[in-house]
Trainee: 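To start, I am sharing the structure in question, which I have written as structure tokens.
Values reported hereafter were calculated over all heavy atoms of this structure, with side chains retained and with hydrogens, waters and symmetry mates removed. Whatever order the structure lists ligands and atoms in, that order sets their numbers, starting from 1.
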Amino acid sequence: MNAQAQLQQKPAHPPFGSVLTDTMAVATYRNGQWSSHELKKAGPIEISPAAHVLHYASTCFEGFKAYKWADGSVNVFRMDRHIERMRQSARALALPEPDAGQLQEMILGVIDRVRDQVPDAPGALYLRPVLFGMTPNIGAAAIPPGELMLLVLASPVWDYFSGGMKPLKIYVETQATRCASHLGVAKTGGNYAAAMGPTLAARKKYGVDQVLFCPGGEVQETGAANFLLIREGRIMTRSLDSTFLHGVTRDSLLKMAPSLGYQVEERVFTVAELLAWVKDGEAALSGTAAVLAGVGTLVHDGREIRVGDGDVGQHTKKLRAALVGVQQGEIRDTHGWLQRV
Ligand SMILES: Cc1ncc(COP(=O)(O)O)c(C=O)c1O
């Protein structure tokens with residue numbers, strides 16, 4: 001193989017989330033209160049083999065990004081919403097809520113320390129607060145942990161879906177659920193564990209990228225992103241309820257939509273409606289990692305169904321560009337979503 005071919009084979013960047021920056025923030029919870037936090041070298045932590053989280057999955061986390069703008073500044077996107085969702089996840093899991101002010105300081109502290117490790121656009125710094133139960137007790141299935149650790153990790157990231165803007169192939173799953181219906185709003189490890197089996201099975205059988213969970217024939221979301229139907233002048237997506245994660249990207253796109261010429265319809269809709277829509281409409285996944293990723297093909301009942309013309313749709317591209325433009329500081333942030341760090 002010549003040098004040129006070797007260069008072409010080598011991935012340009014490490015896979016999403018596989019590398020951490022050198023700094024993390026740490027706080028602990030004990031005797032009903034949070035300790036002060038510290039910034040440390042990111043590395044292994046000591047944990048009891050009996051730690052609550054290892055047995056009873058007492059954990060929740062967040063994921064969001066800070067962007068390096070062309071002027072060299074670093075700007076974090078909707079941090080307050082992500083902190084609020086972290087607190088909501090903790091409540092749903094009967095864990096002590098992180099203090100919003102302290103968590104914000106931890107996040108800003110990490111970003112400040114690692115600002116030279118924030119990749120240029122289209123890369124970003126992915127921020128990952130995570131809370132977990134440390135109480136050493138293997139007999140506490142129905143007792144929340146009294147000792148917890150809160151970390152803020154950071155990771156330089158590039159593309160989540162390795163194909164970039166390649167249209168996605170999605171399996172429409174009408175039997176299995178992504179998670180327990182009351183915990184859909186929580187960003188908790190157990191939900192991803194529950195989605196793993198159906199996702200791997202669909203990947204193996206149909207070669208899909210992701211699974212769209214539609215228990216009982218109602219469209220919900222995929223394993224790690226919300227689901228939007230898009231066409232000229234309209235966006236439709238499931239209305240908020242406890243069964244799925246209330247994405248900040250979803251919320252941002254819906255808030256931007258009217259000024260871009262789209263009416264938003266939030267309601268429960270069925271797989272039959274989905275199949276009718278994609279005959280000449282678009283479908284896309286929204287999330288911090290996916291941004292807005294177009295769907296090209298659905299697999300339903302063993303059949304492949306083309307979405308629109310099978311490529312990433314023009315409205316999906318337009319909405320994605322508008323959101324990315326705001327995040328990158330190229331389009332004015334009229335909503336006050338970005339905070340310079
Ligand atoms: C299950 C699930 N749904 C939706 C989303 C999208 O949420 P957000 O737009 O806040 O990143 C995520 C996370 O990215 C997720 O894990």
Trainee: Is there a heavy atom in Arg85 that sits closer than 4.0 Å to ligand 1?
Mentor: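 True for this residue.
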Trainee: Near His82, which atoms of ligand 1 are under 4.0 Å from a heavy atom of that residue?
Mentor: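 With His82 as reference, the close atoms of ligand 1 come out as 10 (O).
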Trainee: Identify whether the distance between the nearest side-chain nitrogen and carboxylate oxygen of Glu221 and Arg238 falls below 4.0 Å.
Mentor: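 Salt bridge absent between Glu221 and Arg238.
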Trainee: Taking only heavy atoms of Gly223, which atoms of ligand 1 are found under 4.0 Å from at least one of them?
Mentor: 1 (C)
Trainee: Any heavy atom of Phe64 sitting closer than 4.0 Å to ligand 1?
Mentor: no
Trainee: Can you tell me which residue and heavy atom of the protein come closest to atom 8 (P) of ligand 1, and the distance to 0.1 Å?
Mentor: Val248 N, 3.5 Å
Trainee: Salt bridge check, Glu266 against Arg250: does any charged N sit closer than 4.0 Å to a carboxylate O?
Mentor: yes
Trainee: Which residue and atom name correspond to the protein heavy atom nearest atom 14 (O) of ligand 1, and how close is it?
Mentor: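 The protein heavy atom lying closest is Ala224 O, 3.6 Å.
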Trainee: Can you tell me which residue and heavy atom of the protein come closest to atom 9 (O) of ligand 1, and the distance to 0.1 Å?
Mentor: Thr249 OG1, 2.6 Å
Trainee: Could you list the atoms of ligand 1 found under 4.0 angstrom from a heavy atom of Glu221?
Mentor: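 Those qualifying, in numeric order: 1 (C), 2 (C), 3 (N), 4 (C).
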Trainee: Should the proximity of Ala290 to ligand 1, defined as any heavy atom under 4.0 Å, be assigned to the side chain, the backbone, both, or neither?
Mentor: neither
Trainee: Output yes when the distance from some N or O of ligand 1 to some N or O of Lys187 is under 3.5 Å, and no in every other case.
Mentor: yes
Trainee: Do the side chains of Arg85 and Asp251 get close enough for a salt bridge, i.e. N-O under 4.0 angstrom?
Mentor: no
Trainee: Which atoms of ligand 1 have any heavy atom of Thr288 under 4.0 Å away?
Mentor: 8 (P), 9 (O), 11 (O)
Trainee: Number the atoms of ligand 1 from 1 as they appear, then name those within less than 4.0 Å of a heavy atom of Asn226, with their elements.
Mentor: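 With Asn226 as reference, the close atoms of ligand 1 come out as 4 (C), 6 (C).
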Trainee: Give a yes or no on this: more than 12 heavy atoms of other residues, nucleotides or ligands lie within 6.0 Å of atom CG of Asn31.
Mentor: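 No, because the 6.0 Å sphere around CG of Asn31 holds 12 heavy atoms or fewer from other groups.
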Trainee: State the atoms of ligand 1, each with its element, that fall below the 4.0 Å cut-off from a heavy-atom position in Gly287.
Mentor: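 Numbered from 1, ligand 1 contributes 6 (C), 9 (O), 11 (O).
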Trainee: Does the N or O separation between Arg250 and ligand 1 drop below 3.5 Å for any pair?
Mentor: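 Among all N and O atoms of Arg250, none is under 3.5 Å from an N or O of ligand 1.
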Trainee: Has Arg267 got more than 12 heavy atoms of other residues, nucleotides or ligands less than 6.0 Å from its CZ?
Mentor: yes
Trainee: When the ring planes of Phe16 and Tyr126 are compared, do they come out parallel, tilted or perpendicular, using 30° and 60° as the limits?
Mentor: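 Phe16 and Tyr126: perpendicular rings.
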Trainee: Under a 4.0 Å N-O cut-off, is there an ion pair linking Arg87 with Glu84?
Mentor: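 Counted as a salt bridge, because a side-chain N and a carboxylate O are separated by less than 4.0 Å.
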Trainee: So if I count the atoms of ligand 1 from 1 in the order they appear, which ones are less than 4.0 Å from some heavy atom of Ser286?
Mentor: 6 (C)
Trainee: Kindly indicate whether the side chain of Thr21, heavy atoms from C-beta on, has any atom under 4.5 Å from the side chain of Arg113.
Mentor: no
Trainee: Which atoms form the tightest heavy-atom contact between Leu93 and Thr59, and what is the distance?
Mentor: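 The pair with the smallest heavy-atom distance is CD1-O, 3.3 Å.
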Trainee: Between Thr188, Leu245, Leu285, which one has a non-hydrogen atom sitting closest to atom 5 (C) of ligand 1?
Mentor: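 Shortest heavy-atom distance from atom 5 (C) of ligand 1: Leu245.
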Trainee: Parallel, tilted or perpendicular: which fits the ring planes of His315 and Tyr262, with parallel below 30° and perpendicular above 60°?
Mentor: perpendicular
Trainee: Can you tell which part of Phe244 has a heavy atom less than 4.0 Å from ligand 1: side chain, backbone, both or neither?
Mentor: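 The answer is neither; Phe244 stays 4.0 Å or more away.
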Trainee: Taking the basic N atoms (NZ, or NE/NH1/NH2) and the acidic carboxylate oxygens, is any pair closer than 4.0 Å for Asp120 and Lys68?
Mentor: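 Here Asp120 pairs with Lys68 in a salt bridge, since their nearest N and O are under 4.0 Å apart.
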Trainee: After noting the C-alpha distance and the side-chain angles of Phe244 and Phe227, does the key distance pass the ring-ring contact (aromatic ring centres under 6.0 Å, His included) rule?
Mentor: CA-CA 10 Å; Phe244 73 101; Phe227 186 75; over 10 Å; no
Trainee: For ligand 1, which atoms sit closer than 4.0 Å to a heavy atom of Arg178?
Mentor: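 Going through ligand 1 atom by atom, the ones under 4.0 Å from Arg178 are 1 (C).
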Trainee: Counting only heavy atoms, which portion of Ala225 has something under 4.0 Å from ligand 1: side chain, backbone, both, or neither?
Mentor: backbone
Trainee: Does this structure show an ion pair linking Asp309 with Arg306, if we count only N-O contacts that are shorter than 4.0 Å?
Mentor: no
Trainee: In terms of residue, atom name and distance, what is the protein heavy atom nearest to atom 16 (O) of ligand 1?
Mentor: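 Checked against all protein heavy atoms, atom 16 (O) of ligand 1 sits closest to Tyr192 OH, 2.4 Å.
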Trainee: Of all the non-hydrogen atoms in the protein, which one sits nearest to atom 7 (O) of ligand 1, and at what distance?
Mentor: Gly247 CA, 3.4 Å
